[in-house]
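The block underneath contains the structure these notes are about, expressed in structure tokens.
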Number of protein chains: 2
Amino acid sequence: MARSPDPLNLDSMLCFAVYAAGHAFTRFYKPRLDAIGLTYPQYLAFLVLWEADGISVKALGDRLFLDSGTITPMVKRLEARGLLQRQRDEDDERVVRVYLTAEGRGLRAKALAVPLEVGAALSDEAATVDTLRAGLHRLRVLLDDASSGTPSA
Amino acid sequence: MARSPDPLNLDSMLCFAVYAAGHAFTRFYKPRLDAIGLTYPQYLAFLVLWEADGISVKALGDRLFLDSGTITPMVKRLEARGLLQRQRDEDDERVVRVYLTAEGRGLRAKALAVPLEVGAALSDEAATVDTLRAGLHRLRVLLDDASSGTPSA
DNA sequence: CAAAATTCAATTGCGCACAATTTAATTGCG
DNA sequence: CGCAATTAAATTGTGCGCAATTGAATTTTG
């Protein structure tokens, strides 16, 4: 009589493992990002901006899987702090582009230390990290496919 | 001359893979949980309550890695909807315990369908799911250890 | 036993995160 | 060309999520 496993058991659920690991990352990043004055989502936005300065609000949101309701106020807060500027595209007035200021570009140097500390915390698991990231990427794709009406259609 | 990989490249970061997969889960769950009237965090709380009715607010928060600033208002909203009741512990007046109502217990039957749909979306990856979950669990432990002053101390 | 320290819940303030709506600009189609 | 459909941002409202603080109950300790 093998007891049937509870299908609603929290610890057996992949979704909760992802949820909890996400919060753990936020906690880990918090003191490191406090040092450069960014929140974790803001840090992600800068990762994009350091690679693609002048990107549109829309494209920034697509890159981070966030919508305008999240991006717009975040970008406005960063603009208020002088880390970037928002500017309407001349050719298409619907589009707002985000340009880093010198101060915003300057943050990058300080940010370089952060992934090193992540690497240190996970030092023994270097091999697993690639597997995990690949698995999570595939997970996201499968979930998003399933979320937007089966793509087989 | 192998080009040195950008240490701040978004797509190479495990933290972003976790972050994005978490949002993908939320999106996937949204329409399923709308059907039973719960948000995703509320669903997690019920997973705990269905297994541990009468748990304290503190213990519920520990289980979900959330603090009273998150749990207290969530539990109050659920109480306002008649899904549970809050009650001070008689032996220790600091403690508030959470008890499911009949309606709250009744949600469990509807919730059983949800993990089945997750399984369906990830059908071909059943083998990877266990590896992923284990990897994420270990990831969370390593990050939390590193977050709370090295435990080697 | 009494004062100090700890614990639990609640509260306040700020920043995501997303659904739904609104407004403006652009594209597409007859 | 002119109107409909689409697209981009912004806005509104609700609900997390956490830091910091408060207040009350309990435990620890001198």
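We name chains A, B, ... by the order of the sequence lines, and we start the count at 1 in each one.
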### Task
Answer with yes or no whether the hydrophobic clustering places A/Leu8 together with B/Phe46; edges join I, L, V, M, F, W, Y residues whose side-chain heavy atoms lie under 4.5 Å apart.
yes

### Query
Do the rings of B/Tyr40 and B/Tyr29 sit parallel, tilted or perpendicular, given the 30° and 60° boundaries?
tilted

### Task
Start with the C-alpha distance between A/Asp6 and B/Arg108, add both sets of side-chain angles, then the distance that settles salt bridge (Lys or Arg N to Asp or Glu O under 4.0 Å), and finish with yes or no.
CA-CA 12 Å; A/Asp6 180 356; B/Arg108 189 177 187 280; 3.3 Å; yes

### Summary
Applying the 3.5 Å cut-off to both distances, the Watson-Crick or G-U partner of D/dT21 turns out to be C/dA10

### Query
Is it true that a side-chain atom of B/Arg97 and a backbone atom of B/Gln87 form a donor plus acceptor pair closer than 3.5 Å?
no

### Query
Honestly curious: do B/Leu49 and B/Val95 fall in one hydrophobic cluster under the side-chain, below-4.5 Å linking rule?
no

### Task
Give the ring-plane orientation class for A/Phe16 versus B/Phe65, where under 30° counts as parallel, over 60° as perpendicular and anything between as tilted.
parallel

### Query
Does a side-chain heavy-atom distance below 4.5 Å link A/Leu83 with A/Leu100?
no

### Message
Between B/Tyr19 and A/Thr26, does the side-chain contact (heavy atoms from CB on, under 4.5 Å) criterion hold? Intermediate values first, please.
### Response
CA-CA 9 Å; B/Tyr19 175 87; A/Thr26 300; over 6 Å; no

### Task
Assign B/Ser56 to base, sugar-phosphate, or nothing according to its heavy-atom contacts below 4.0 angstrom with the strands shown.
sugar-phosphate

### Task
List in numerical order all residues of residues 59-76 of chain A for which some heavy atom is under 4.0 Å away from an atom belonging to DNA chain D.
A/Ser68, A/Gly69, A/Thr72, A/Lys76

### Rounded distance in Å - CZ (A/Arg94) to C1' (C/dT23)
13 Å

### Query
Under 4.0 angstrom, heavy atoms only, what part of the nucleic acid is B/Arg97 near: base, sugar-phosphate, or nothing?
nothing

### Query
Under the salt bridge (Lys or Arg N to Asp or Glu O under 4.0 Å) criterion, do A/Arg88 and A/Glu93 qualify, and how do the steps go?
CA-CA 6 Å; A/Arg88 292 257 161 210; A/Glu93 291 278 344; 5.2 Å; no

### Message
Need one value for B/Asp89: base, sugar-phosphate or nothing, where a base atom within 4.0 Å counts as base even if backbone is also close, heavy atoms only.
### Response
nothing

### Query
Reading DNA chain D 5' to 3', which nucleotide is the first, and which the last, to come under 4.0 Å of any heavy atom in chain A?
D/dT7 to D/dA19

### Query
Would you say A/Arg88 reaches C/dA24's phosphate, i.e. side-chain N/O to OP1/OP2 under 4.0 Å?
no

### Message
Can you measure A/Glu93 atom CD to C/dT23 atom P for me and round it to whole angstrom units?
### Response
19 Å

### Task
Begin with the C-alpha distance, continue with both residues' side-chain angles, and end with the deciding distance and a verdict on side-chain contact (heavy atoms from CB on, under 4.5 Å) for B/Leu122 and A/Leu14.
CA-CA 11 Å; B/Leu122 309 180; A/Leu14 182 58; 4.1 Å; yes

#### Entry: B/Arg32 NZ/CZ over B/Phe28 ring centroid, <6.0 Å and within 45° of normal
yes

### Query
Heavy-atom contacts under 4.0 Å between residues 27-53 of chain B and DNA chain D, which residues?
B/Thr39, B/Pro41, B/Gln42

